[in-house]
Chemist: 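Structure below; questions to follow.
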Amino acid sequence: VTDARIAAARGGDARSVARLLSLVENGDPALPGVLTAVTDGRRARVIGLTGSPGVGKSTTTSALVGALRQRGERVAVLAVDPTSPFSGGALLGDRVRMAEHATDPGVFIRSMATRGHLGGLSAAAPQAIRLLEGLGFDTVLVETVGVGQSEIEVAASADTTVVLLAPGMGDGIQAAKAGILEIGDLFVVNKADREGAETTARELRHMVSLGDAAGGSAPWRPPVLLTVASSGQGIAELLTALDAHGAWLADSGAGEQRRQARAAAEIESLALTALRARIDAARLAELAAEVAAGRCDVFSAAEQLVATRG
Ligand SMILES: Nc1nc2c(ncn2[C@@H]2O[C@H](COP(=O)(O)OP(=O)(O)O)[C@@H](O)[C@H]2O)c(=O)[nH]1
Ligand SMILES: [Mg+2]
């Protein structure tokens with residue numbers, strides 16, 4: 001069943017892709033086997049889009065999907081809301097914004113929830129991305145709602161992170177506060193049809209120029225772009241900037257470094273979870289009684305617990 005479903009998903013069957021992604025959301029025991037089966041050297045470009053609600057992430061994502069489809073790429077969109085355990089109302093609007101791609105077999109769109117996933121969305125998102133990568137998508141666009149800590153974690157799963165702002169919301173300052181300046185590889189001031197867009201862009205350029213450029217001898221200076229996502233204005237330039245960042249990641253070696261750092265964090269987290277599950281509860285209770293009675297110290301007890309084969 002699994003092999004057939006993977007084959008169908010790779011062939012573009014959206015239902016099969018959705019079924020497989022559900023394994024991630026539910027923390028299903030079948031997930032490791034599926035990830036093993038799909039891991040065969042396929043790689044996707046992962047682009048994260050983050051920013052406050054209403055700045056135009058979904059509209060921008062939809063426009064990017066259109067542009068990437070024109071190149072013939074297979075594109076997946078993951079819309080994630082770390083603030084809600086289920087896909088909330090904000091994502092309903094996303095469906096409307098991306099409706100034009102709903103019937104395109106080359107596009108897969110999913111609002112992601114994390115029913116019962118151990119470690120929540122920050123653990124689920126990278127697994128979902130790995131799955132989509134293995135299913136043959138060329139680009140995975142990850143839209144996160146809001147600008148909190150979990151968004152920063154989700155953004156850390158991307159090769160390239162786009163931070164979106166809109167004029168007039170004092171957003172530049174907010175961005176600096178939320179630590180969002182550090183994670184942005186590209187900044188987009190969307191709603192450039194509104195007053196104050198140039199001012200916001202200027203403020204941002206100034207703030208970006210104060211930061212350290214990543215990449216040592218071949219530094220990357222995050223560009224600040226202006227877009228009107230609702231009309232498509234500036235989307236071609238955004239794609240060009242995304243390509244430039246992709247080329248920089250490849251040429252500088254930073255892309256490989258980032259991928260390895262991400263992999264290390266994911267492996268460590270999974271390994272620690274596995275180790276925790278192996279703790280022998282009965283042995284732990286015994287040792288706790290010994291420590292409580294003053295017959296054993298905590299260091300020795302911990303050593304003994306680790307040495308116990310659960
Ligand atoms: N005026 C203007 N409105 C826009 C632009 N881009 C998006 N919008 C509108 O802003 C609202 C929020 O957009 P959405 O993409 O859902 O924002 P998200 O919450 O960041 O995903 C929607 O009503 C969009 O139609 C733009 O460039 N200019
Ligand atoms: Mg949205």
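Counting starts at 1 for both ligands and their atoms, in listed order.
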Chemist: Do L239 and L49 share a hydrophobic cluster, counting only Ile, Leu, Val, Met, Phe, Trp and Tyr and linking them when any side-chain heavy atoms are less than 4.5 Å apart?
Modeler: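 Same cluster: L239 reaches L49 through Ile, Leu, Val, Met, Phe, Trp or Tyr contacts under 4.5 Å.
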Chemist: P53 to ligand 1: N or O pair under 3.5 Å?
Modeler: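 Between P53 and ligand 1, no N or O pair is found under 3.5 Å apart.
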Chemist: Which ligand 1 atoms, with their elements, are less than 4.0 angstrom from a heavy-atom of R194?
Modeler: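 Listed by number with element, the hits are 1 (N).
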Chemist: Transitively linked via ILVMFWY side-chain contacts under 4.5 Å: V228 with V55?
Modeler: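 Different clusters.
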Chemist: Is the number of heavy atoms from other residues, nucleotides or ligands under 6.0 Å of R15 CZ greater than 12?
Modeler: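 Check fails, neighbour count at 12 or below.
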Chemist: Heavy atom to atom 3 (N) of ligand 1, shortest distance: which of K191, K57, E143 holds it?
Modeler: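 The option holding the nearest heavy atom is K191.
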Chemist: Say you draw a straight line from CZ of F108 to CG of L132; how long is it, rounded to the nearest 0.5 Å?
Modeler: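 The CG atom of L132 is 6.5 Å from CZ of F108, to the nearest 0.5 Å.
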Chemist: If you look at E143, which of its N/O/S atoms is nearest to the Mg ion (ligand 2)?
Modeler: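 Checking each N, O and S atom of E143, the shortest distance to the Mg ion (ligand 2) belongs to OE2.
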Chemist: Taking non-hydrogen atoms only, is D193 closer than 4.0 angstrom to ligand 1 via side chain, backbone, both or neither?
Modeler: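 Side chain only.
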Chemist: Does ligand 1 come near enough to G54 that some N or O of the ligand is less than 3.5 Å from an N or O of the residue?
Modeler: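 Between G54 and ligand 1, an N or O pair is found under 3.5 Å apart.
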Chemist: Charged N to carboxylate O below 4.0 Å: is that the case for D159 and R258?
Modeler: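 No salt bridge links D159 with R258.
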Chemist: If the cut-off is 2.8 Å, does any N/O/S atom of S58 fall short of it from the Mg ion (ligand 2)?
Modeler: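 Here the distance criterion (N, O or S atom, under 2.8 Å) is met by S58, so yes.
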Chemist: Is D28 paired with R19 through a side-chain N to carboxylate O contact shorter than 4.0 Å?
Modeler: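 Not counted as a salt bridge, because no side-chain N and carboxylate O are separated by less than 4.0 Å.
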Chemist: Please confirm whether G51 approaches ligand 1 to less than 4.0 Å, judged on its heavy atoms.
Modeler: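 Not so, G51 does not reach ligand 1.
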Chemist: Just do the side chain to side chain donor-acceptor pair (under 3.5 Å) check on R110 and S22 with the steps written out, would you?
Modeler: CA-CA 10 Å; R110 172 83 158 206; S22 298; 3.1 Å; yes
Chemist: Which of the numbered atoms in ligand 1 are under 4.0 angstrom from any heavy atom belonging to A229?
Modeler: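 Once the distances to A229 are compared, the set is 6 (N), 27 (O).
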